2 protein chains.
Amino acid sequence: MNEPEGVWQHCTNSAIRRAARQLGQLYDDVIAPSGLKGTQFSLMSQIALAGRDGIPLKPLAEAMVMDLSALGHTLKPLTRDGLVELIADEKDGRVRRARLTATGAARQAEALTLWRDAQARFDAAFGAERSAEMRALLGLVSSPDFAKAFRAAQPIR
Amino acid sequence: MNEPEGVWQHCTNSAIRRAARQLGQLYDDVIAPSGLKGTQFSLMSQIALAGRDGIPLKPLAEAMVMDLSALGHTLKPLTRDGLVELIADEKDGRVRRARLTATGAARQAEALTLWRDAQARFDAAFGAERSAEMRALLGLVSSPDFAKAFRAAQPIR
DNA sequence: TGAATTTAGTGGCATATACCATTATATTGG
DNA sequence: CCAATATAATGGTATATGCCACTAAATTCA
């Protein structure tokens with residue numbers, strides 16, 4: 001039974017989006033009882049690391065490898081629902097810092113429990129070692145250095 | 001210089017989305033002159049494989065690991081712009097087959113040239129061998145068998 | 001054969017995410 | 001200090017993508 005030919009076998013971009021769709025569904029199904037999507041959980045978890053001071057949107061976007069305006073839009077449902085708040089920066093009037101509200105922190109903690117289940121399933125299905133290796137490779141692809149190397153690579157001549 | 005802590009170091013779902021955003025930008029920049037986005041190029045290339053008969057939306061969605069309705073939505077800009085057409089199936093009145101128009105095929109061919117450059121850059125920056133390995137791993141994650149294994153890993157209670 | 005069920009698609013709604021233009025603040029150079 | 005420039009964020013617009021409800025057509029079964 002031959003697998004049908006697919007672009008993803010040749011195109012890394014297609015392959016990664018396809019896998020992201022699959023993983024998105026699998027993780028979402030597990031953490032859905034918390035009322036959060038996987039993307040929201042990721043974002044809130046990253047914000048949580050900043051603690052009470054919060055983190056300015058610009059560096060947050062960079063850490064997430066996300067466009068700044070996309071981050072702003074993605075935050076809207078979260079601020080609307082009172083899970084995240086944007087606070088002014090003391091020093092720089094342009095800056096807004098994202099911070100979890102008490103409700104948001106509780107929600108994130110709740111989702112964290114479910115996430116552990118999802119991640120454990122992934123490790124079980126994929127192998128814990130390959131899982132860590134995969135994250136390391138994905139981390140490389142996501143790095144500014146990789147982007148630089150990609151852009152600098154010589155086009156076909 | 002310590003890298004800041006990030007969720008993506010622990011969560012494979014976060015890691016893959018983050019890498020997908022990065023790759024999306026990099027590939028998009030390269031194939032933009034064709035007027036297509038990376039996602040559109042992927043989809044059209046997959047449709048192209050079906051040739052003149054086209055391919056019903058359901059199996060196309062399955063191949064792309066995409067929700068059927070999401071596929072329908074994604075196809076809209078392409079049908080609107082006359083790059084893809086949906087034709088009736090001879091045997092089954094429920095089925096619509098997606099097929100590239102002549103214009104769409106030409107556009108896809110044009111984007112293909114640019115894509116080769118993008119993929120070559122990826123291979124150069126990441127290593128051709130690791131690149132192929134990565135696609136293979138992503139293919140595993142995208143497979144129905146992996147989804148089954150993930151869901152079976154632990155019962156929800 | 002006709003009713004019940006399954007299957008393929010469509011449309012509405014919501015989030016995710018990008019690019020562009022604009023605004024509000026800083027920072028810098030003269 | 002002030003004008004020019006740079007930076008952070010916001011809002012508009014468009015595509016990407018998922019869930020749910022609904023329709024149409026095929027299949028199943030009594």
Side-chain angles (χ1 to χ4, degrees), chain A residues 13-14 16-29 31-32 35-44 54-62 64-81 83-84 86-98, chain B residues 13-14 16-29 31-32 35-44 54-62 64-81 83-84 86-98:
Chain A
N13 188 41
S14 301
I16 205 167
R17 293 195 78 101
R18 188 160 167 267
R21 285 190 292 267
Q22 171 100 284
L23 270 197
Q25 300 244 346
L26 295 173
Y27 276 70
D28 273 5
D29 283 351
I31 71 172
L36 295 178
K37 308 293 198 68
T39 49
Q40 300 178 323
F41 170 71
S42 296
L43 190 49
M44 288 176 67
I55 174 175
L57 299 191
K58 187 80 195 312
L60 177 57
E62 273 161 12
M64 298 293 290
V65 189
M66 192 181 280
D67 179 85
L68 177 59
S69 75
L71 172 62
H73 292 146
T74 302
L75 281 172
K76 256 176 217 157
L78 297 173
T79 54
R80 180 200 58 201
D81 296 344
L83 302 173
V84 172
L86 297 182
I87 59 184
D89 185 274
E90 305 267 311
K91 312 292 179 57
D92 192 329
R94 296 167 298 183
V95 169
R96 296 271 181 281
R97 290 172 166 267
Chain B
N13 187 41
S14 302
I16 206 166
R17 294 195 77 98
R18 188 162 167 266
R21 284 190 292 267
Q22 171 100 282
L23 271 198
Q25 301 243 356
L26 295 174
Y27 275 70
D28 273 5
D29 283 352
I31 71 171
L36 294 179
K37 308 293 198 70
T39 47
Q40 301 178 323
F41 170 70
S42 296
L43 190 47
M44 287 176 67
I55 174 175
L57 299 190
K58 186 84 197 308
L60 177 57
E62 272 161 12
M64 298 292 292
V65 189
M66 192 181 281
D67 180 86
L68 176 60
S69 76
L71 173 62
H73 293 146
T74 302
L75 283 173
K76 260 183 212 151
L78 298 173
T79 53
R80 180 202 58 200
D81 297 346
L83 302 173
V84 172
L86 297 183
I87 60 185
D89 186 274
E90 304 269 310
K91 312 291 179 55
D92 192 329
R94 296 167 298 183
V95 168
R96 296 270 180 278
R97 290 172 167 267

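Naming: A, B, ... by sequence-line order, numbering from 1 per chain. Please read these numbers as outputs of a predicted model, since none were measured by experiment. Only this structure's heavy atoms are used, side chains among them; waters, hydrogens and symmetry mates stay out.
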To the nearest Å, give me how far apart [atom1] ([X]) and [atom2] ([N]) are.
| X | N | atom1 | atom2 | answer |
| --- | --- | --- | --- | --- |
| A/Asp92 | D/dT7 | CG | C1' | 8 Å |
| A/Leu75 | D/dA8 | CG | P | 16 Å |
| A/Leu60 | D/dA8 | CG | P | 13 Å |
| B/Leu71 | D/dG18 | CG | P | 10 Å |
| B/Lys76 | D/dT13 | NZ | C1' | 17 Å |
| A/Leu26 | D/dC19 | CG | P | 11 Å |
| A/Asn13 | D/dA16 | CG | P | 12 Å |
| B/Arg21 | D/dT17 | CZ | P | 13 Å |

OP1 or OP2 of D/dT17 under 4.0 Å from side-chain N/O of A/Gln25: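 Answer is no, no contact under 4.0 Å.
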
Contact under 4.0 Å: B/Lys37 side-chain N or O vs D/dT15 OP1/OP2: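 So the side chain of B/Lys37 is outside the cut-off, no N or O lying under 4.0 Å from OP1 or OP2 of D/dT15.
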
Heavy-atom side-chain proximity of B/Arg21 to A/Met64 below 4.5 angstrom: yes

Which nucleotide in D/dA26, D/dA8, D/dG18 has an atom nearest any side-chain atom of A/Val95: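 My answer, after comparing the listed nucleotides, is D/dA8.
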
B/Arg94, nearest nucleotide to its side chain (from D/dC20, D/dA16, D/dA26):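 My answer, after comparing the listed nucleotides, is D/dA26.
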
Considering every strand and a 4.0 Å limit on heavy-atom distances, what is the contact class for [X]: base, sugar-phosphate, or nothing?
| X | result |
| --- | --- |
| B/Leu68 | base |
| A/Arg80 | sugar-phosphate |
| B/Gly72 | nothing |
| A/Asp67 | base |

CE-NZ distance between B/Met44 and B/Lys37, expressed to the nearest 0.5 angstrom: 14.0 Å

Reported CG-to-CG distance for the pair A/Leu57 and A/Leu86, which is rounded to 0.5 angstrom: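 A/Leu57 CG to A/Leu86 CG: 5.5 Å, rounded to 0.5 Å.
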
Lys/Arg N to Asp/Glu carboxylate O, A/Arg97 vs A/Asp89, below 4.0 Å: yes

Nucleotide interval of DNA chain C bounded by contacts with chain A (heavy-atom cut-off, under 4.0 Å):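 So the outermost contacting nucleotides come out as C/dT15 to C/dA26.
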
Residue whose nearest DNA chain D nucleotide is more 5′ - A/Arg17 or A/Leu86: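 Checking each residue's closest nucleotide, the 5'-ward one belongs to A/Leu86.
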
